[in-house]
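Encoded as structure tokens, the structure appears first; notes follow it.
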Amino acid sequence: MCFASGVPRCIFYGLIWPFKKELIMSDNRTLIIQLKDFAGQQVTLSGWVYQARSSGKVQFIILRDGSGLCQCVVEKGKIPDDVFDKLEHLGQESSLTITGLVRAEPRSVGGFELAATNAQVIHATTDYPITPKEHGVDFLLKHRHLHLRSQRQWCIGKIRHTVIDAIRRFFNDNGFTLVDTPILMSAAGEEEQSLFEVDYFGSTLFLTQTGQLHLECAAAAFGKVYCFGPTFRAEKSKTRRHLTEFWMVEPEVAFIDLPGLLELAENFVSNIVSRVLQDNKPQLETLGADIAGLENIKPPFYRLTYTQAVEILRGEKTVKFMAEQLTQLSRQKETIEKRITELDTEQAGQIKQWKRDKNAAELIALRSDLDEINIKIENNPKHAKLAAEFQWGKDLGGSDETIISTMHDKPVFVTHYPREAKAFYMKTDRDNVKVVQNFDMLAPKGFGEIIGGSVREDDHDMLLKRIDEMGLKRENYDWYLDLRKYGSVPHGGFGLGVERTVAWLTGESHIRQCIPFPRMMDKVYI
RNA sequence: UCCCCGAUAGCUCAACCGGUAGAGCGGGCGGCUGUUAACCGCCAGGUCGUAGGUUCGAAUCCUACUCGGGGAGCCA
């Protein structure tokens, strides 16, 4: 827990953060994140009790104020007795204001602590439902309104904030114009079955699935544009990579080809990663993210064509890779099972109670690790089979993407997918009409797709042909076809999923933790 | 929509081959000048998801349902 150990700074854009707060509001409180500038001084903090321990004459209150955590030391005799007694019985998440002397203390979280001289309880709380112990997924989602206060969610929220800020800055600083595309859409962007319907004064509209078609209009007006907002997919997907409402940023550029798009995408993603490393290293550390791996994320990324990816999947390399993975998993399984047997034997004998409890906790952790490994072991041959039998022409499945991405230590572009597997607006490759000029970007080490994009079909007649072939209604696309009638230019863009990106950066296994209030299929808590 | 797994105290989990439930955390009270998910002692807290069935006896076995988790398809 060292998220407050250094003040994250962003000086590259001429900003110093924390900003000068008096510019926007007057406030006598000091934020925990500013404590390093106040060593030896008296300050007042306001916040919530994150954790509290008491040891007779001395109490330790870990205060949480939204900017960080700070240990407040409350010693009998150095604070009024009645205040001491009140603090002693404060429950988790009680709110209070506390005054004291700031001092450096390496043992303390954040490296500073507050020697309290006075305090005022704002609201005493008991029975806060989320305890410092482990909780189940469902319980935490049902308490999402409170769970946001916890350390892990706080770190993820801070990183998400940086990711979004980095996205906006990247485009704003590179000549892109923000264009807001509509959320209520009259026609489908891609496939109609995955759209949410909205009753619109008696007629039907849909929640947006992509801003791309509108963005193409804007690209012809501004050159380089992007849109950024919520996106809705009514797909009945129940996996760790899916939400029904998620945030997507989509750039669209006039006069660009596929290599140009790949270059843009790798610079864009590298920029996001370096901003997060710069601003959020303490949070990444708290989350146990792979910081060394992220420091490696610099252009150029790997480039594979779909056909090459298929060759890899069907080839010797994948067979070997999957077998190695299985061996590794089996070895892990053996180690864990051995440890479980050891502990079980120990538990059966005569041992001290505290040792027994500790063993029980370890056993629980080991059993859940074992479950996960067993699932992977069970899936391994299935995924190997899927890969080995992969037919050219299909879209890559989740497990195929995982295999490709696990083989690489940097993001991988997979380009030139079969035309039949892709949307009507993607540009047919003129050298090989069986494929389109598109790409997916797979995040490394098994995280999978975070970007999908393409060059758009800019030839009027070819686009019309695709619309007909896909069985789409021409009249819905009149305006879209117009773009190919009046000064058509090569252009393209891509979409990046914010939650998937945050999940990759933080090492979070499920994207539902990467948005404050997740919307999942059949499940919306608050 | 399909496949696999689960449901026991407020929370996380135990309870072996069927004999009507235990531990930690959290809560309450007390102890301890420096703790790091502190520690120690005491106390409170359970129709074992719901409904049937098998059995002398069911948390445990069987069936159905409900809710949840993971995966597949599809995708950012």
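In what follows, chains carry the letters A, B, and so on, assigned in the order in which the sequence lines appear, proteins first and then strands, with residues in each chain numbered from 1.
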Regarding [N], can its base be found pairing with the side chain of [X] as donor and acceptor, where the two atoms are less than 3.5 Å apart?
X        : N     : result
A:Arg103 : B:G34 : yes
A:His242 : B:C75 : yes
A:Gln71  : B:U35 : yes
A:Arg500 : B:C75 : yes
A:Gln59  : B:G34 : no

Geometric class of the A:Phe494/A:Phe268 ring pair [parallel <30°, tilted 30-60°, perpendicular >60°]: tilted

Stacking check A:Phe246 vs B:A76 (5.5 Å / 30 deg): yes

From the list [options], which nucleotide is the closest neighbour of the side chain of [X]?
X        : options             : answer
A:His89  : B:G70, B:C29, B:C75 : B:C29
A:Arg240 : B:G71, B:C75, B:G34 : B:G71
A:Arg233 : B:C75, B:G34, B:U12 : B:C75

Does [N] have a Watson-Crick or wobble mate here (both distances under 3.5 Å), and if so which one?
N     : value
B:C17 : none
B:C25 : B:G10
B:C2  : B:G71
B:U60 : none

Touch class at under 4.0 angstrom, heavy-atom based, for A:His143 against every strand present: nothing

Pick the [atom1] atom in [N] and in [M], then give their distance to the nearest Å.
N     : M     : atom1 : answer
B:A64 : B:G26 : P     : 42 Å
B:U66 : B:U50 : P     : 15 Å
B:G57 : B:A21 : C1'   : 16 Å

Value in whole Å for how far the [atom2] atom of [N] lies from [atom1] of [X]:
X        : N     : atom1 : atom2 : result
A:Gln513 : B:G70 : CD    : C1'   : 15 Å
A:Gln151 : B:U36 : CD    : P     : 18 Å
A:Met441 : B:C75 : CE    : C1'   : 16 Å
A:Phe139 : B:A9  : CZ    : C1'   : 13 Å

Closest-nucleotide ordering on RNA chain B, the 5'-leading residue of A:Gly495 and A:Met520: A:Met520

Whichever of A:Ala52 and A:Thr126 has its nearest RNA chain B nucleotide further upstream toward 5': A:Thr126

Syn/anti label of B:C17 as read from its glycosidic torsion, with the cut at 90° from 0: syn

Beyond-backbone contact of A:Glu93 with A:Leu146, side-chain heavy atoms, under 4.5 angstrom: no

